[in-house]
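The first residue of the sequence shown is numbered 1, and numbering continues consecutively from there.
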Amino acid sequence: MHLEAIKAAISRHSNGNVQVDAVAATPVPGIFEVTNGREVFYADSTGRYAFVDGRLVDIAEKRDLTQARLEQLAAIPFDELPIDLAIKTVRGNGARKLAVFEDPACPVCRSMQDTLAALDNVTIYTFAYPVVSPESIPAAVSAWCEPGDQRDRQWQTYMDGAPPPQAIAPQCEPAMQQVGRIVEFGRTREIRSTPTLVLGDGRRIVGAMPREELDAALTRAAAR
C-alpha cells in the first residue's frame with residue numbers, strides 16, 4: 001500500500017483522532033513507522049492495527065489487543081476455584097458470581113467493603129488470603145475456626161478493622177489446613193496482590209474497582 005494511503009487509513013480508522021505527520025517504511029516487511037511530532041508508533045499496511053508503547057492496538061475499535069490477551073491468560077475459570085474454601089454470601093437472587101481474595105492488612109481491601117456490601121443479586125465467595133502480613137494469618141484461621149454460618153460475620157469484623165488475634169488458639173489449629181489450601185491455590189494461580197477479584201466468566205481484576213463499574217462487569221460476566 002502506498003505510504004499516503006496508510007496515512008489516510010489511520011486517519012479514517014481513528015475517525016480523525018490520530019493525526020499523522022509522516023509514514024515511512026521499516027526494515028520489517030509490512031510494518032511502517034508513523035510519526036506525529038516527536039511521537040512514534042508502528043502500524044500495519046491497513047492502518048488499522050498499530051504497536052503503541054509495546055502493545056498491539058486495534059485503532060478502529062480503540063481496543064488494546066495485548067491487554068485482552070493478558071486478561072485471557074490471567075483468567076481463572078470459576079468452576080476451578082476451591083469454592084469449598086470460600087466464605088459464601090448470597091444477596092438477592094444470587095444470580096451473579098464474584099470471588100474475592102482479600103486480607104485485612106490490605107488497606108485497599110478494607111476500602112472495598114462498602115462497594116461489596118452495596119452489590120445486590122450476587123453470590124460472593126470470599127477467600128481469606130493472608131499474604132500481606134503474618135498478623136493476618138491468625139485472623140484467617142480464627143474465621144475458619146467458627147461454625148460455617150458464623151464465618152462471614154467473624155471475617156467481616158477483621159475487614160472492618162477489628163484487631164486480629166495475637167496467636168492461633170489451640171482448638172483452631174485444624175483450620176490452618178483450610179487457610180493453607182487457600183494460600184497454596186492462590187500461589188499456583190499467581191494471585192500476588194489483594195484484593196484480587198474473579199468474575200463469573202473467569203476474568204481476573206487486581207485492585208479496587210468503583211461500584212458502578214464492578215456492578216456492570218458482574219452483569220456482563222453473567223450474560224456470557
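The closest side-chain heavy-atom distance from I182 to P82 is not below 4.5 Å. Contact check for I76 versus I191: side-chain heavy atoms found under the 4.5 Å cut-off. A 4.5 Å side-chain heavy-atom check between M176 and I137 finds at least one atom pair inside the cut-off. When side chains are defined from C-beta on, M112 does not count as touching V100, because their heavy atoms never get closer than 4.5 Å.
Taken from CZ in R91 to CG in L116, the straight-line distance is 7.0 Å, to the nearest 0.5 Å. To the nearest 0.5 Å, the span separating CZ on R151 from OG1 on T89 amounts to 12.0 Å. To the nearest 0.5 Å, atom CD1 of residue I10 and atom OG1 of residue T46 are 8.5 Å apart. Distance check: L199 CG to M209 CE gives 7.0 Å after rounding to the nearest 0.5 Å. Annotation: the span from Q67 atom CD to Q72 atom CD amounts to 11.0 Å, rounded to 0.5 Å. Interatomic distance, CZ of F127 versus CZ of R181, reported as 10.5 Å (0.5 Å rounding).
Of all the heavy atoms in G200 and A221, the pair that sits closest is N-CB, 4.0 Å. Considering every non-hydrogen atom in both V18 and F41, the closest pair reads CG1-CZ, 4.0 Å. Across all non-hydrogen atoms, the minimal contact from V108 to P195 is CG1-CD, 3.7 Å.
Within a 6.0 Å radius of CZ in F51, no more than 12 heavy atoms belonging to other residues, nucleotides or ligands are found. Other residues, nucleotides and ligands contribute over 12 non-hydrogen atoms within 6.0 Å of the CG atom of N17. No more than 12 heavy atoms of other residues, nucleotides or ligands shown are found within 6.0 angstrom of CG on D53. The number of heavy atoms from other shown groups lying within 6.0 Å of CD (Q171) is above 12.
A donor-acceptor pair under 3.5 Å links the side-chain atoms of T219 to the main chain of D215, judged by distance alone. Under a 3.5 Å cut-off, the side chain of Q19 and the backbone N or O of G16 do form a donor-acceptor pair. With hydrogens and angles disregarded, no donor-acceptor distance shorter than 3.5 Å links the side chain of D58 to the backbone of R63. Under a 3.5 Å cut-off, the side chain of R220 and the backbone N or O of D201 do not form any donor-acceptor pair. Judged by distance alone, with hydrogens and angles left aside, the side-chain atoms of R48 form no donor-acceptor pair with the main-chain N or O of I59 at under 3.5 Å. Judged by distance alone, the side chain of R96 and the main-chain N or O of D120 form a donor-acceptor pair under 3.5 Å. Between the side chain of N121 and the backbone N or O of A95 there is no donor-acceptor pair closer than 3.5 Å.
No side-chain donor from either of D103 and T194 sits under 3.5 Å from a side-chain acceptor of the other.
Every residue two or more places apart in sequence or in another chain that forms a side-chain contact (heavy atoms from CB on, under 4.5 Å) with K88 is listed here: V90, T123, Y125. For T126, the side-chain contact (heavy atoms from CB on, under 4.5 Å) partners are I87, E102, I124, W155, not counting sequence neighbours.
Linking ILVMFWY side-chain heavy atoms closer than 4.5 Å, directly or via other members, places L81 and L85 in a single hydrophobic cluster. In terms of hydrophobic clustering, with Ile, Leu, Val, Met, Phe, Trp and Tyr side chains grouped at heavy-atom distances under 4.5 Å, Y49 and V40 are assigned to a common cluster. Residues V23 and V57 are members of one and the same hydrophobic cluster, defined by side-chain heavy-atom contacts under 4.5 angstrom among Ile, Leu, Val, Met, Phe, Trp and Tyr. A continuous path of ILVMFWY side-chain contacts below 4.5 Å connects I31 to L56, so both sit in one hydrophobic cluster. Both F185 and V183 are part of a single hydrophobic cluster, where members link through side-chain heavy atoms under 4.5 Å apart.
In this pair, Y129 and F101 present their aromatic rings perpendicular. The plane angle is above 60°, beyond the 30 to 60° band.
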Exercise answer: donor-acceptor pairs, residues 158-167 side-chain atoms, under 3.5 Å, sequence neighbours excluded:
| from | atom 1 | to | atom 2 | distance (Å) |
| --- | --- | --- | --- | --- |
| Y158 | OH | S142 | OG | 2.9 |
| Y158 | OH | Q154 | NE2 | 2.8 |
| D160 | OD1 | Q156 | NE2 | 3.0 |

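For residues 173-224, there are no disulfide (SG to SG under 2.5 Å) pairs, not counting sequence neighbours. Residues in residues 102-200 take part in these disulfide (SG to SG under 2.5 Å) pairs, two or more places apart or across chains: C145-C172.
Grouped with L70 in a hydrophobic cluster is no other residue, since no side-chain heavy-atom contact under 4.5 Å to another Ile, Leu, Val, Met, Phe, Trp or Tyr is found.
Just one residue in the list E71, R55, R69 forms a side chain to side chain contact (heavy atoms under 4.5 Å, CB included) with D64, and that residue is R55.
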